[in-house]
Amino acid sequence: MAMDFSYKETWLHKINPSLKLLIMVLLFIHLLMIHNTNILINYMIGMLALYLFFTGHPWKRLLVISIPFLLIFLTSSTSMIFFGKGEITWAKWGLVHITEESFFRGLHLGFRGISFAILGIVFALTTRPVYLFYSLMQQFKLKPKYAYSFMAAIRLIPLMIEEMQTLHYALQVRGVQGERGVNGFYRKIKSYSIPLLSQSIRRAYRIAVAMEAKRFSNHGNRTYFYRLGFSKFDVIFLCYLLVIIPLSYVTATHFPYFSITDVRFGS
């Protein structure tokens, strides 16, 4: 049975993919330069609004997607809180040493990781890979042979999943799935890896020959089925960021969550 991954298209889906990618990279770099926990929390809230209300996916699916990143937040922050260094001790039990500095460093590390995750998920949920590579060819002048190679690789993923499922059923009929122990596990790995690898090599060779026959190595001008450009939705996205980012700084200054603001990781 096919999985239902339907969603409602929003204005985030209509942003130029190349511009969205460039902005996301700049936001990642900007996040690395933020050492104020209050600013980081406001920043995260602004990005979280995009994730919850404008990705067009059901709330239940968004909650399921966010579970691994919440676990990452807990593990990364608690490891820094329990085993970080600091001068003002709050609690100490054996190897566990919680200090004021380690507590805020842990929170800062966790919120930064969540912000990275939210930006990445928003980009992944609102950007079609085909449109992205078409946009990279048209706006960033990426060579077609590279762009179409990436698109072909992405389209191979569902084919490989379907092939693996077919192989699983075939092995189950032959009784291979019933074996246990180290020898059984080794035989299962061998039974899956060799057929999938051989099929991938054959399929990659056929794709390479087809791309060469269609003159993808030619450096001349090409025509495109999808013509992508800039629109008002790009302006809306830029305006949203131009409001959220300064507002994060202003709100953190006048209405801080924590008294300790500047958190730096180093000796």
Can a side-chain donor-acceptor contact be found between [Y] and [X] if the only test is distance below 3.5 angstrom?
| X | Y | value |
| --- | --- | --- |
| Tyr134 | Gln138 | no |
| Lys20 | Thr126 | yes |
| Ser135 | Asn16 | yes |

Spatial distance of atom CG (Leu26) from atom CG (Leu31) [nearest 0.5 Å]: 11.5 Å

Does the Lys NZ or Arg CZ of Arg202 fall within the cation-pi geometry relative to Tyr205 - under 6.0 Å from the ring centre and within 45° of the axis? no

Any side-chain to backbone donor/acceptor pair from [X] onto [Y]? Under 3.5 Å, distance only.
| X | Y | value |
| --- | --- | --- |
| Asp234 | Ile15 | no |
| Arg112 | Thr37 | no |
| Thr99 | Thr89 | no |
| Thr10 | Phe54 | yes |

Considering residues, nucleotides and ligands other than Glu162, do more than 12 of their heavy atoms fall under 6.0 Å from its CD? no

Any ring pair (Phe, Tyr, Trp, His ring centres under 6.0 Å) involving residues 65-96? Give me the pairs, sequence neighbours left out, ordered by first then second residue. Phe73-Phe111, Trp90-Phe103

How would you list, by chain and number, every residue that makes a salt bridge (Lys or Arg N to Asp or Glu O under 4.0 Å) with Arg203, sequence neighbours excluded? Glu163

Nearest heavy atoms of Met44 and Ile118, plus distance in Å: CG-CD1, 4.0 Å

Checking Tyr7 against His13 for the ring-ring contact (aromatic ring centres under 6.0 Å, His included) test, could you report, in this order, the C-alpha distance in whole Å, the side-chain angles of both residues, the deciding distance, and whether it holds? CA-CA 11 Å; Tyr7 59 88; His13 295 81; 5.0 Å; yes

